[in-house]
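Have a look at the structure below, then the notes.
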Number of protein chains: 2
Amino acid sequence: MRFIVADWGTTRFRGYLIENETILDQISSDEGVSTLRKGQHRDIFLKHCGPWLAAEPDAPVMLVGMAGSREGWVEAPYASCPAGPAEIAQALVPVELANGRRGHVIPGLFCEPAPGASDVMRGEETLALGAGVADGLICAAGTHPKWILMRDGRIERFATFMTGEMYALLREHSMIGRPATEPSDPRGFDMGLDAAERNRGASGVGLLHLLFGARAAVVSGHMASTLLAPYLSGLLTGDEINGALSQFGRPSSVTVLADRARADLYAHALARHGVTAVSKNPQQALIAGLARIVRHHALG
Amino acid sequence: MRFIVADWGTTRFRGYLIENETILDQISSDEGVSTLRKGQHRDIFLKHCGPWLAAEPDAPVMLVGMAGSREGWVEAPYASCPAGPAEIAQALVPVELANGRRGHVIPGLFCEPAPGASDVMRGEETLALGAGVADGLICAAGTHPKWILMRDGRIERFATFMTGEMYALLREHSMIGRPATEPSDPRGFDMGLDAAERNRGASGVGLLHLLFGARAAVVSGHMASTLLAPYLSGLLTGDEINGALSQFGRPSSVTVLADRARADLYAHALARHGVTAVSKNPQQALIAGLARIVRHHALG
(Lines give C-alpha, C1' and ligand atoms only; values in the text may rest on other atoms or scores of the structure.)
Protein backbone atom coordinates (compact mmCIF):
# COMPACT_ATOMS: atom_id res chain seq x y z
CA MET A 1 0.00 0.00 0.00
CA ARG A 2 1.40 3.37 -1.09
CA PHE A 3 0.36 6.67 0.48
CA ILE A 4 1.41 10.31 0.47
CA VAL A 5 1.89 12.30 3.66
CA ALA A 6 2.38 15.95 4.52
CA ASP A 7 3.63 16.41 8.09
CA TRP A 8 3.05 20.10 8.66
CA GLY A 9 4.74 21.49 11.73
CA THR A 10 4.85 25.02 13.10
CA THR A 11 8.23 25.71 11.49
CA ARG A 12 8.76 22.84 8.96
CA PHE A 13 6.94 21.18 6.09
CA ARG A 14 7.84 17.52 5.44
CA GLY A 15 6.44 15.44 2.60
CA TYR A 16 6.77 11.65 2.27
CA LEU A 17 5.89 9.05 -0.34
CA ILE A 18 5.49 5.81 1.60
CA GLU A 19 5.07 2.15 0.76
CA ASN A 20 3.79 0.26 3.80
CA GLU A 21 6.31 1.52 6.37
CA THR A 22 9.15 2.36 4.00
CA ILE A 23 9.90 5.91 2.84
CA LEU A 24 10.30 5.84 -0.98
CA ASP A 25 10.86 9.57 -1.37
CA GLN A 26 10.79 12.65 0.87
CA ILE A 27 11.09 16.40 0.80
CA SER A 28 11.24 19.12 3.46
CA SER A 29 11.21 22.91 3.59
CA ASP A 30 10.92 25.71 6.11
CA GLU A 31 7.35 26.51 5.00
CA GLY A 32 5.81 25.65 8.39
CA VAL A 33 2.26 26.79 9.19
CA SER A 34 3.57 29.74 11.20
CA THR A 35 5.11 31.17 8.00
CA LEU A 36 1.94 30.86 5.87
CA ARG A 37 -1.30 32.75 5.41
CA LYS A 38 -4.74 31.19 4.86
CA GLY A 39 -5.03 29.98 1.26
CA GLN A 40 -1.33 29.30 0.69
CA HIS A 41 -1.30 25.70 1.92
CA ARG A 42 -2.64 24.01 -1.23
CA ASP A 43 -0.01 25.64 -3.46
CA ILE A 44 2.82 24.73 -1.10
CA PHE A 45 1.55 21.15 -0.92
CA LEU A 46 1.20 20.80 -4.71
CA LYS A 47 4.64 22.36 -5.28
CA HIS A 48 6.30 19.71 -3.12
CA CYS A 49 4.01 16.66 -3.53
CA GLY A 50 2.41 17.27 -6.95
CA PRO A 51 4.75 14.85 -8.77
CA TRP A 52 3.81 12.05 -6.37
CA LEU A 53 0.09 12.78 -6.86
CA ALA A 54 0.54 12.40 -10.62
CA ALA A 55 2.63 9.25 -10.35
CA GLU A 56 0.37 7.58 -7.76
CA PRO A 57 -3.20 8.37 -8.80
CA ASP A 58 -4.74 5.95 -6.27
CA ALA A 59 -2.55 6.66 -3.24
CA PRO A 60 -4.36 8.05 -0.18
CA VAL A 61 -3.09 11.49 0.91
CA MET A 62 -2.85 12.25 4.63
CA LEU A 63 -2.05 15.56 6.32
CA VAL A 64 -0.84 15.43 9.92
CA GLY A 65 0.21 17.92 12.59
CA MET A 66 -0.56 21.64 12.40
CA ALA A 67 -2.23 21.30 8.97
CA GLY A 68 -5.43 20.83 10.97
CA SER A 69 -4.90 23.71 13.42
CA ARG A 70 -6.71 27.05 13.31
CA GLU A 71 -3.67 28.50 11.51
CA GLY A 72 -3.44 25.50 9.16
CA TRP A 73 -5.01 24.44 5.87
CA VAL A 74 -8.40 23.57 7.34
CA GLU A 75 -9.34 23.40 11.02
CA ALA A 76 -9.90 19.77 12.01
CA PRO A 77 -11.85 19.66 15.30
CA TYR A 78 -10.15 17.69 18.06
CA ALA A 79 -11.32 14.09 18.47
CA SER A 80 -11.85 12.92 22.06
CA CYS A 81 -9.96 10.36 24.10
CA PRO A 82 -9.97 7.41 24.28
CA ALA A 83 -9.10 7.19 20.58
CA GLY A 84 -7.38 4.58 18.42
CA PRO A 85 -6.82 4.34 14.66
CA ALA A 86 -10.51 3.56 14.03
CA GLU A 87 -11.80 6.63 15.89
CA ILE A 88 -9.18 8.88 14.28
CA ALA A 89 -9.89 7.49 10.79
CA GLN A 90 -13.58 8.27 11.32
CA ALA A 91 -12.76 11.86 12.28
CA LEU A 92 -10.56 12.67 9.26
CA VAL A 93 -11.39 16.02 7.63
CA PRO A 94 -11.24 16.12 3.80
CA VAL A 95 -9.52 18.89 1.81
CA GLU A 96 -9.65 19.42 -1.96
CA LEU A 97 -6.23 18.96 -3.54
CA ALA A 98 -6.60 19.28 -7.33
CA ASN A 99 -8.76 17.78 -10.12
CA GLY A 100 -11.29 16.43 -7.65
CA ARG A 101 -8.72 14.53 -5.62
CA ARG A 102 -8.99 14.76 -1.84
CA GLY A 103 -6.55 14.62 1.00
CA HIS A 104 -7.46 13.87 4.61
CA VAL A 105 -6.42 15.90 7.63
CA ILE A 106 -5.77 13.87 10.77
CA PRO A 107 -7.55 15.56 13.72
CA GLY A 108 -5.76 16.32 16.93
CA LEU A 109 -6.95 14.87 20.23
CA PHE A 110 -8.57 16.52 23.23
CA CYS A 111 -8.64 15.06 26.71
CA GLU A 112 -9.91 16.20 30.10
CA PRO A 113 -7.10 15.40 32.55
CA ALA A 114 -9.31 16.48 35.48
CA PRO A 115 -12.92 17.66 35.65
CA GLY A 116 -13.03 20.94 33.72
CA ALA A 117 -9.34 20.78 32.74
CA SER A 118 -8.12 20.55 29.15
CA ASP A 119 -5.27 19.09 27.16
CA VAL A 120 -4.70 18.88 23.40
CA MET A 121 -2.25 17.43 20.87
CA ARG A 122 -1.82 17.59 17.09
CA GLY A 123 0.54 15.08 15.51
CA GLU A 124 1.71 13.18 18.57
CA GLU A 125 -1.45 11.02 18.42
CA THR A 126 -0.09 9.59 15.17
CA LEU A 127 3.36 8.98 16.65
CA ALA A 128 1.80 7.29 19.67
CA LEU A 129 -0.26 4.94 17.47
CA GLY A 130 2.95 3.95 15.68
CA ALA A 131 5.15 3.48 18.72
CA GLY A 132 4.36 -0.23 19.04
CA VAL A 133 2.89 0.22 22.53
CA ALA A 134 -0.53 -1.37 23.00
CA ASP A 135 -0.55 -0.88 26.78
CA GLY A 136 1.86 1.42 28.55
CA LEU A 137 3.22 4.93 28.83
CA ILE A 138 4.82 6.93 25.99
CA CYS A 139 6.75 10.19 26.28
CA ALA A 140 6.87 12.16 23.01
CA ALA A 141 9.56 14.79 23.57
CA GLY A 142 9.54 18.22 21.95
CA THR A 143 8.79 21.86 22.66
CA HIS A 144 5.70 20.65 24.56
CA PRO A 145 6.42 17.05 25.65
CA LYS A 146 3.39 14.74 25.79
CA TRP A 147 3.01 11.81 28.18
CA ILE A 148 0.53 9.41 26.59
CA LEU A 149 -1.17 6.46 28.28
CA MET A 150 -2.02 3.59 25.88
CA ARG A 151 -4.74 1.01 26.66
CA ASP A 152 -5.65 -1.80 24.24
CA GLY A 153 -3.92 -0.04 21.34
CA ARG A 154 -5.77 3.23 21.90
CA ILE A 155 -4.78 6.56 23.45
CA GLU A 156 -6.52 6.50 26.83
CA ARG A 157 -5.42 9.98 28.04
CA PHE A 158 -2.36 12.22 28.01
CA ALA A 159 -0.67 15.18 29.69
CA THR A 160 1.38 17.94 28.06
CA PHE A 161 4.17 19.91 29.75
CA MET A 162 5.61 23.19 28.42
CA THR A 163 9.15 22.09 29.32
CA GLY A 164 10.95 22.83 26.05
CA GLU A 165 9.28 26.18 25.52
CA MET A 166 9.97 27.12 29.16
CA TYR A 167 13.66 26.34 28.75
CA ALA A 168 13.80 28.56 25.66
CA LEU A 169 11.94 31.37 27.47
CA LEU A 170 14.34 31.22 30.40
CA ARG A 171 17.43 31.17 28.19
CA GLU A 172 16.35 33.83 25.72
CA HIS A 173 14.23 36.29 27.67
CA SER A 174 14.65 35.96 31.44
CA MET A 175 16.88 37.24 34.23
CA ILE A 176 17.08 33.63 35.41
CA GLY A 177 18.86 32.29 32.32
CA ARG A 178 20.82 35.42 31.44
CA PRO A 179 23.97 34.59 33.48
CA ALA A 180 24.40 31.23 31.65
CA THR A 181 27.72 30.97 29.82
CA GLU A 182 29.05 28.64 27.12
CA PRO A 183 30.50 26.09 26.73
CA SER A 184 28.10 24.57 29.20
CA ASP A 185 29.06 21.94 31.75
CA PRO A 186 26.74 18.91 31.42
CA ARG A 187 27.14 18.08 35.14
CA GLY A 188 24.61 20.86 35.74
CA PHE A 189 21.85 18.57 34.45
CA ASP A 190 22.20 16.22 37.43
CA MET A 191 22.30 19.16 39.82
CA GLY A 192 19.04 20.35 38.30
CA LEU A 193 17.52 16.89 38.77
CA ASP A 194 18.63 17.03 42.42
CA ALA A 195 16.87 20.38 42.80
CA ALA A 196 13.68 19.01 41.22
CA GLU A 197 13.49 16.45 44.02
CA ARG A 198 12.86 19.35 46.42
CA ASN A 199 9.57 19.90 44.59
CA ARG A 200 8.33 16.32 44.99
CA GLY A 201 5.60 15.23 47.33
CA ALA A 202 3.72 17.07 50.01
CA SER A 203 6.63 19.33 51.00
CA GLY A 204 7.28 20.68 47.49
CA VAL A 205 8.98 24.07 47.63
CA GLY A 206 7.64 25.29 44.26
CA LEU A 207 9.16 25.32 40.78
CA LEU A 208 9.09 29.15 40.71
CA HIS A 209 11.30 29.13 43.82
CA LEU A 210 13.74 26.56 42.45
CA LEU A 211 14.09 28.54 39.20
CA PHE A 212 15.02 31.69 41.11
CA GLY A 213 17.42 29.60 43.18
CA ALA A 214 19.42 28.83 40.03
CA ARG A 215 20.04 32.54 39.48
CA ALA A 216 20.70 33.08 43.20
CA ALA A 217 23.36 30.35 43.19
CA VAL A 218 25.18 31.98 40.28
CA VAL A 219 25.06 35.62 41.46
CA SER A 220 26.13 34.61 44.98
CA GLY A 221 29.09 32.65 43.64
CA HIS A 222 27.78 29.20 44.66
CA MET A 223 27.42 27.83 41.11
CA ALA A 224 29.57 28.33 38.02
CA SER A 225 27.69 30.06 35.20
CA THR A 226 28.71 27.20 32.88
CA LEU A 227 26.44 24.89 34.92
CA LEU A 228 23.36 27.11 34.71
CA ALA A 229 21.87 26.12 31.33
CA PRO A 230 22.09 22.33 31.93
CA TYR A 231 20.88 22.95 35.49
CA LEU A 232 17.72 24.65 34.21
CA SER A 233 17.22 21.80 31.72
CA GLY A 234 17.59 19.21 34.49
CA LEU A 235 15.30 21.10 36.86
CA LEU A 236 12.54 21.45 34.24
CA THR A 237 12.91 17.86 33.01
CA GLY A 238 12.90 16.55 36.58
CA ASP A 239 9.79 18.54 37.45
CA GLU A 240 8.06 17.29 34.28
CA ILE A 241 8.86 13.68 35.22
CA ASN A 242 7.64 14.21 38.80
CA GLY A 243 4.32 15.49 37.49
CA ALA A 244 4.00 12.80 34.82
CA LEU A 245 4.68 9.90 37.21
CA SER A 246 2.30 11.45 39.72
CA GLN A 247 -0.43 11.43 37.05
CA PHE A 248 0.29 8.06 35.43
CA GLY A 249 1.83 6.00 38.19
CA ARG A 250 5.32 4.55 38.05
CA PRO A 251 5.54 1.95 35.27
CA SER A 252 8.61 -0.29 34.93
CA SER A 253 9.33 1.31 31.54
CA VAL A 254 8.39 4.31 29.39
CA THR A 255 8.73 4.45 25.58
CA VAL A 256 10.52 7.69 24.69
CA LEU A 257 10.06 9.21 21.21
CA ALA A 258 12.92 11.67 20.84
CA ASP A 259 16.21 12.27 19.10
CA ARG A 260 19.14 10.37 20.55
CA ALA A 261 20.51 13.17 22.76
CA ARG A 262 17.15 14.05 24.31
CA ALA A 263 16.24 10.39 24.75
CA ASP A 264 19.49 9.82 26.66
CA LEU A 265 18.65 12.67 29.05
CA TYR A 266 15.17 11.24 29.70
CA ALA A 267 16.66 7.78 30.26
CA HIS A 268 19.11 9.23 32.77
CA ALA A 269 16.41 11.18 34.61
CA LEU A 270 13.91 8.29 34.63
CA ALA A 271 16.52 5.89 36.02
CA ARG A 272 16.41 7.90 39.29
CA HIS A 273 12.79 6.79 39.61
CA GLY A 274 13.58 3.15 38.80
CA VAL A 275 11.94 3.51 35.38
CA THR A 276 13.59 2.15 32.21
CA ALA A 277 13.40 4.27 29.06
CA VAL A 278 12.86 2.43 25.77
CA SER A 279 13.91 4.74 22.94
CA LYS A 280 12.03 4.72 19.62
CA ASN A 281 12.71 6.75 16.49
CA PRO A 282 9.97 9.43 16.13
CA GLN A 283 9.99 9.37 12.31
CA GLN A 284 9.49 5.61 12.22
CA ALA A 285 6.68 5.95 14.77
CA LEU A 286 5.03 8.64 12.63
CA ILE A 287 5.12 6.47 9.51
CA ALA A 288 3.84 3.41 11.36
CA GLY A 289 1.04 5.42 12.96
CA LEU A 290 0.03 6.87 9.61
CA ALA A 291 -0.04 3.40 8.08
CA ARG A 292 -2.43 2.23 10.82
CA ILE A 293 -4.75 5.20 10.24
CA VAL A 294 -4.61 4.78 6.44
CA ARG A 295 -5.55 1.10 6.76
CA HIS A 296 -8.57 1.98 8.91
CA HIS A 297 -9.51 4.76 6.50
CA ALA A 298 -9.32 2.33 3.56
CA LEU A 299 -11.60 -0.08 5.46
CA GLY A 300 -14.08 2.62 6.42
CA MET B 1 17.64 62.20 63.18
CA ARG B 2 17.92 63.20 59.53
CA PHE B 3 19.35 60.93 56.85
CA ILE B 4 19.61 60.78 53.08
CA VAL B 5 18.67 57.65 51.09
CA ALA B 6 19.13 56.48 47.52
CA ASP B 7 16.90 53.50 46.71
CA TRP B 8 18.42 52.23 43.48
CA GLY B 9 16.29 49.72 41.64
CA THR B 10 16.86 47.98 38.34
CA THR B 11 14.72 50.50 36.46
CA ARG B 12 14.23 53.44 38.89
CA PHE B 13 16.31 55.77 41.05
CA ARG B 14 14.55 57.19 44.11
CA GLY B 15 16.12 59.66 46.53
CA TYR B 16 14.72 60.65 49.93
CA LEU B 17 15.57 63.17 52.61
CA ILE B 18 14.17 61.70 55.84
CA GLU B 19 13.67 62.88 59.38
CA ASN B 20 13.04 59.92 61.67
CA GLU B 21 10.34 58.16 59.63
CA THR B 22 8.98 61.18 57.78
CA ILE B 23 9.91 62.01 54.19
CA LEU B 24 10.92 65.69 54.04
CA ASP B 25 11.78 65.70 50.34
CA GLN B 26 12.02 63.15 47.55
CA ILE B 27 13.01 62.77 43.93
CA SER B 28 12.84 59.96 41.39
CA SER B 29 14.06 59.26 37.87
CA ASP B 30 14.32 56.41 35.38
CA GLU B 31 18.10 56.14 35.90
CA GLY B 32 17.93 52.58 37.31
CA VAL B 33 21.11 50.50 37.53
CA SER B 34 20.22 48.63 34.34
CA THR B 35 20.50 51.92 32.41
CA LEU B 36 23.93 52.89 33.80
CA ARG B 37 27.56 51.97 33.18
CA LYS B 38 30.24 51.57 35.86
CA GLY B 39 31.40 54.98 37.03
CA GLN B 40 28.16 56.86 36.33
CA HIS B 41 26.51 56.26 39.69
CA ARG B 42 28.25 58.98 41.68
CA ASP B 43 27.31 61.69 39.18
CA ILE B 44 23.69 60.56 39.07
CA PHE B 45 23.55 60.50 42.86
CA LEU B 46 25.11 63.95 43.24
CA LYS B 47 22.83 65.42 40.55
CA HIS B 48 19.74 64.34 42.50
CA CYS B 49 20.88 64.39 46.13
CA GLY B 50 23.72 66.97 46.09
CA PRO B 51 21.56 69.81 47.46
CA TRP B 52 20.57 67.65 50.46
CA LEU B 53 24.24 66.77 51.11
CA ALA B 54 25.09 70.48 51.24
CA ALA B 55 22.14 71.38 53.43
CA GLU B 56 22.64 68.46 55.86
CA PRO B 57 26.40 68.13 56.38
CA ASP B 58 26.01 65.63 59.23
CA ALA B 59 23.24 63.42 57.82
CA PRO B 60 24.14 59.77 57.23
CA VAL B 61 23.77 58.68 53.59
CA MET B 62 22.46 55.19 52.85
CA LEU B 63 22.21 53.39 49.52
CA VAL B 64 19.82 50.47 49.26
CA GLY B 65 18.76 47.95 46.59
CA MET B 66 20.71 47.34 43.41
CA ALA B 67 23.31 50.03 44.26
CA GLY B 68 25.22 47.16 45.88
CA SER B 69 24.83 44.64 43.04
CA ARG B 70 27.52 43.64 40.58
CA GLU B 71 26.02 46.11 38.11
CA GLY B 72 25.67 48.81 40.77
CA TRP B 73 27.89 51.52 42.27
CA VAL B 74 30.05 49.15 44.31
CA GLU B 75 29.46 45.45 44.88
CA ALA B 76 28.40 44.86 48.48
CA PRO B 77 28.87 41.17 49.35
CA TYR B 78 25.73 39.45 50.63
CA ALA B 79 25.43 39.21 54.41
CA SER B 80 24.21 35.87 55.77
CA CYS B 81 20.98 34.97 57.53
CA PRO B 82 19.97 35.22 60.27
CA ALA B 83 20.47 39.00 60.10
CA GLY B 84 18.89 41.96 61.88
CA PRO B 85 19.70 45.68 61.85
CA ALA B 86 22.89 45.14 63.88
CA GLU B 87 24.34 42.54 61.49
CA ILE B 88 23.38 44.59 58.44
CA ALA B 89 24.83 47.81 59.93
CA GLN B 90 28.10 45.96 60.52
CA ALA B 91 28.21 44.83 56.88
CA LEU B 92 27.65 48.25 55.30
CA VAL B 93 30.07 49.00 52.44
CA PRO B 94 31.36 52.61 52.23
CA VAL B 95 31.47 54.62 49.00
CA GLU B 96 33.13 58.00 48.46
CA LEU B 97 30.57 60.69 47.66
CA ALA B 98 32.39 64.07 47.43
CA ASN B 99 34.77 66.15 49.54
CA GLY B 100 35.67 63.20 51.77
CA ARG B 101 32.07 62.45 52.67
CA ARG B 102 31.01 58.80 52.62
CA GLY B 103 27.78 56.99 51.91
CA HIS B 104 27.03 53.43 53.00
CA VAL B 105 25.68 50.68 50.78
CA ILE B 106 23.31 48.26 52.50
CA PRO B 107 24.34 44.70 51.62
CA GLY B 108 21.86 42.18 50.32
CA LEU B 109 21.24 38.92 52.16
CA PHE B 110 22.11 35.34 51.26
CA CYS B 111 20.43 32.30 52.72
CA GLU B 112 20.70 28.55 52.18
CA PRO B 113 17.09 27.32 51.97
CA ALA B 114 18.31 23.70 51.80
CA PRO B 115 21.79 22.18 52.01
CA GLY B 116 23.65 23.45 48.94
CA ALA B 117 20.74 25.61 47.74
CA SER B 118 20.90 29.39 47.45
CA ASP B 119 18.65 32.40 47.75
CA VAL B 120 19.43 36.12 47.67
CA MET B 121 17.75 39.50 48.11
CA ARG B 122 18.77 43.14 47.71
CA GLY B 123 16.47 45.76 49.18
CA GLU B 124 13.71 43.57 50.59
CA GLU B 125 15.82 42.98 53.74
CA THR B 126 15.35 46.67 54.54
CA LEU B 127 11.59 46.53 53.91
CA ALA B 128 11.31 43.45 56.10
CA LEU B 129 13.13 45.14 58.98
CA GLY B 130 10.67 48.03 58.73
CA ALA B 131 7.48 46.00 58.42
CA GLY B 132 6.85 45.98 62.16
CA VAL B 133 7.01 42.18 62.36
CA ALA B 134 9.31 40.82 65.07
CA ASP B 135 8.12 37.23 64.69
CA GLY B 136 6.14 36.03 61.71
CA LEU B 137 5.98 35.72 57.96
CA ILE B 138 6.27 38.59 55.47
CA CYS B 139 5.55 38.50 51.74
CA ALA B 140 7.27 41.29 49.80
CA ALA B 141 5.58 41.27 46.38
CA GLY B 142 7.30 42.29 43.16
CA THR B 143 8.89 40.84 40.05
CA HIS B 144 10.51 38.24 42.32
CA PRO B 145 8.32 37.97 45.44
CA LYS B 146 10.15 37.18 48.69
CA TRP B 147 8.65 35.25 51.60
CA ILE B 148 10.60 36.26 54.69
CA LEU B 149 10.53 34.55 58.10
CA MET B 150 11.19 36.93 61.02
CA ARG B 151 12.45 35.69 64.43
CA ASP B 152 13.21 38.04 67.33
CA GLY B 153 13.30 41.06 65.00
CA ARG B 154 15.81 39.46 62.63
CA ILE B 155 15.46 37.85 59.20
CA GLU B 156 15.74 34.13 59.92
CA ARG B 157 15.49 32.86 56.33
CA PHE B 158 13.55 33.59 53.14
CA ALA B 159 12.43 32.14 49.80
CA THR B 160 12.14 33.94 46.46
CA PHE B 161 9.72 33.00 43.65
CA MET B 162 10.03 34.23 40.06
CA THR B 163 6.25 34.71 39.85
CA GLY B 164 6.10 38.24 38.43
CA GLU B 165 8.85 37.69 35.90
CA MET B 166 7.24 34.39 34.85
CA TYR B 167 3.91 36.12 34.26
CA ALA B 168 5.63 38.71 32.06
CA LEU B 169 7.53 35.99 30.14
CA LEU B 170 4.32 34.07 29.48
CA ARG B 171 2.39 37.15 28.37
CA GLU B 172 5.10 38.72 26.24
CA HIS B 173 7.07 35.84 24.75
CA SER B 174 5.24 32.49 24.97
CA MET B 175 2.72 30.44 23.02
CA ILE B 176 0.91 29.92 26.35
CA GLY B 177 0.03 33.59 26.90
CA ARG B 178 -0.31 34.60 23.26
CA PRO B 179 -4.07 33.85 22.94
CA ALA B 180 -4.90 36.18 25.87
CA THR B 181 -7.22 39.03 24.90
CA GLU B 182 -8.19 42.32 26.55
CA PRO B 183 -10.16 43.53 28.38
CA SER B 184 -9.44 40.65 30.71
CA ASP B 185 -12.08 39.00 32.87
CA PRO B 186 -10.94 38.98 36.53
CA ARG B 187 -12.88 35.77 37.23
CA GLY B 188 -9.97 33.97 35.56
CA PHE B 189 -7.84 34.61 38.67
CA ASP B 190 -9.99 32.29 40.80
CA MET B 191 -9.98 29.66 38.06
CA GLY B 192 -6.18 29.82 38.09
CA LEU B 193 -6.18 29.39 41.88
CA ASP B 194 -8.41 26.33 41.41
CA ALA B 195 -5.91 24.90 38.92
CA ALA B 196 -3.01 25.53 41.32
CA GLU B 197 -4.69 23.23 43.84
CA ARG B 198 -4.05 20.36 41.40
CA ASN B 199 -0.33 20.91 42.03
CA ARG B 200 -0.57 20.64 45.83
CA GLY B 201 0.60 17.73 47.86
CA ALA B 202 1.90 14.35 46.88
CA SER B 203 -0.26 14.05 43.75
CA GLY B 204 0.89 17.34 42.19
CA VAL B 205 0.47 17.27 38.42
CA GLY B 206 3.25 19.79 37.69
CA LEU B 207 3.17 23.54 37.05
CA LEU B 208 4.52 23.01 33.51
CA HIS B 209 1.47 20.84 32.80
CA LEU B 210 -1.02 23.30 34.27
CA LEU B 211 0.50 26.15 32.26
CA PHE B 212 0.05 24.22 29.01
CA GLY B 213 -3.48 23.38 30.13
CA ALA B 214 -4.35 27.09 30.08
CA ARG B 215 -3.47 27.25 26.37
CA ALA B 216 -5.20 23.93 25.71
CA ALA B 217 -8.42 25.21 27.31
CA VAL B 218 -8.43 28.28 25.07
CA VAL B 219 -7.54 26.61 21.75
CA SER B 220 -10.07 23.80 22.37
CA GLY B 221 -12.83 26.32 23.11
CA HIS B 222 -13.18 25.44 26.81
CA MET B 223 -12.05 28.84 28.15
CA ALA B 224 -12.66 32.36 26.85
CA SER B 225 -9.45 34.13 25.86
CA THR B 226 -10.44 37.06 28.11
CA LEU B 227 -9.95 34.75 31.12
CA LEU B 228 -6.45 33.61 30.16
CA ALA B 229 -4.26 36.41 31.55
CA PRO B 230 -5.91 36.49 35.02
CA TYR B 231 -5.92 32.67 34.95
CA LEU B 232 -2.15 32.59 34.47
CA SER B 233 -1.75 35.16 37.26
CA GLY B 234 -3.93 33.08 39.60
CA LEU B 235 -2.16 29.83 38.71
CA LEU B 236 1.31 31.33 39.32
CA THR B 237 0.25 33.12 42.52
CA GLY B 238 -1.45 29.98 43.81
CA ASP B 239 1.60 27.85 43.07
CA GLU B 240 3.84 30.41 44.80
CA ILE B 241 1.63 30.34 47.91
CA ASN B 242 1.57 26.52 47.92
CA GLY B 243 5.36 26.46 47.88
CA ALA B 244 5.73 29.22 50.47
CA LEU B 245 3.32 27.66 52.97
CA SER B 246 5.01 24.31 52.42
CA GLN B 247 8.35 25.91 53.36
CA PHE B 248 7.20 28.14 56.22
CA GLY B 249 4.17 26.36 57.65
CA ARG B 250 0.71 27.87 57.75
CA PRO B 251 0.65 30.90 60.04
CA SER B 252 -2.63 32.57 61.01
CA SER B 253 -1.52 35.72 59.20
CA VAL B 254 1.06 36.99 56.70
CA THR B 255 2.19 40.63 56.37
CA VAL B 256 2.01 41.58 52.68
CA LEU B 257 4.17 44.45 51.37
CA ALA B 258 2.61 45.38 48.03
CA ASP B 259 0.56 47.99 46.27
CA ARG B 260 -3.18 47.88 47.02
CA ALA B 261 -4.23 45.85 43.96
CA ARG B 262 -1.58 43.18 44.37
CA ALA B 263 -2.13 42.99 48.14
CA ASP B 264 -5.84 42.36 47.52
CA LEU B 265 -5.03 39.45 45.21
CA TYR B 266 -2.69 37.91 47.80
CA ALA B 267 -5.34 38.37 50.52
CA HIS B 268 -7.91 36.63 48.34
CA ALA B 269 -5.56 33.74 47.51
CA LEU B 270 -4.34 33.34 51.11
CA ALA B 271 -7.90 33.23 52.44
CA ARG B 272 -8.32 29.86 50.66
CA HIS B 273 -5.64 28.54 53.01
CA GLY B 274 -7.24 30.08 56.09
CA VAL B 275 -4.46 32.68 56.29
CA THR B 276 -5.21 36.38 56.90
CA ALA B 277 -3.20 38.96 54.92
CA VAL B 278 -2.15 42.12 56.78
CA SER B 279 -1.29 44.76 54.20
CA LYS B 280 1.54 47.25 54.83
CA ASN B 281 2.77 50.08 52.62
CA PRO B 282 6.15 49.14 51.11
CA GLN B 283 7.51 52.71 51.07
CA GLN B 284 6.74 53.18 54.77
CA ALA B 285 8.39 49.83 55.51
CA LEU B 286 11.48 50.88 53.55
CA ILE B 287 11.84 54.13 55.47
CA ALA B 288 11.27 52.42 58.83
CA GLY B 289 13.80 49.71 57.99
CA LEU B 290 16.38 52.30 56.93
CA ALA B 291 15.85 54.20 60.17
CA ARG B 292 16.57 51.02 62.17
CA ILE B 293 19.78 50.36 60.21
CA VAL B 294 20.90 54.00 60.50
CA ARG B 295 20.40 53.94 64.27
CA HIS B 296 22.55 50.80 64.58
CA HIS B 297 25.14 52.34 62.25
CA ALA B 298 25.26 55.47 64.43
CA LEU B 299 25.77 53.29 67.52
CA GLY B 300 28.48 51.19 65.90
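Each chain gets a letter, A, B and so on, in the order the sequences are listed, and its residues count up from 1. Quantities reported herein were computed from a predicted structural model and do not represent experimental measurements. Basis for what follows: all heavy atoms, side chains included, without hydrogens, waters or symmetry-related copies.
Heavy-atom minimum distance, B/Val120 versus A/Phe212: O-CE2, 3.7 Å. Closest approach of B/Glu165 to A/His173, counting heavy atoms only: OE2-O, 4.4 Å. The two residues A/Leu208 and B/Leu236 make their nearest non-hydrogen contact at CD1-O, 3.7 Å. Here the shortest heavy-atom pairing between A/Thr160 and B/His209 reads O-ND1, 2.8 Å. Between A/Phe110 and B/Ser220, the shortest heavy-atom contact is CE1-OG, 3.5 Å. A/Val205 approaches B/Phe161 most closely through the heavy-atom pair O-CE2, 3.5 Å.
For B/Leu245, no part lies near chain A; criterion is any non-hydrogen pair under 4.5 Å. There is no contact between B/Arg200 and chain A, counting heavy-atom distances below 4.5 Å. When heavy atoms are compared at a cutoff of 4.5 Å, A/Ile176 approaches chain B by way of both its backbone and its side chain. Both the backbone and the side chain of B/Pro113 have a heavy atom closer than 4.5 Å to some heavy atom of chain A. With a threshold of 4.5 angstrom between heavy atoms, B/Met191 does not approach chain A through any atom at all.
Ranking B/Glu240, B/Met223, B/His144, B/Glu172 against chain A, the residue ahead of the rest is B/His144, based on heavy-atom pairs under 4.5 Å. Each of B/Ala159, B/Ala168, B/Gly206 has some count of heavy-atom pairs under 4.5 Å with chain A, and the biggest count is that of B/Ala159. For chain A, the option among B/Arg198, B/Arg215, B/Arg70 with the highest count of heavy-atom pairs below 4.5 Å is B/Arg198. Here B/Ala114 is the residue among B/Gly108, B/Ala114, B/Ala117 with the most heavy-atom pairs under 4.5 Å with chain A.
No side-chain heavy atom of A/Val219 sits less than 4.5 Å from a side-chain heavy atom of B/Arg122. Side-chain contact check for A/Leu207 versus B/Met166: every heavy-atom pair is 4.5 Å or farther apart.
More than 12 heavy atoms of other residues, nucleotides or ligands sit less than 6.0 Å from atom CZ of B/Arg272.
How far NE2 of A/His222 is from CG of B/Asp119: 11.5 Å, rounded to the nearest 0.5 Å.
In this structure a side-chain-to-backbone donor-acceptor pair under 3.5 Å is missing from B/Ser118 to A/Ala216.
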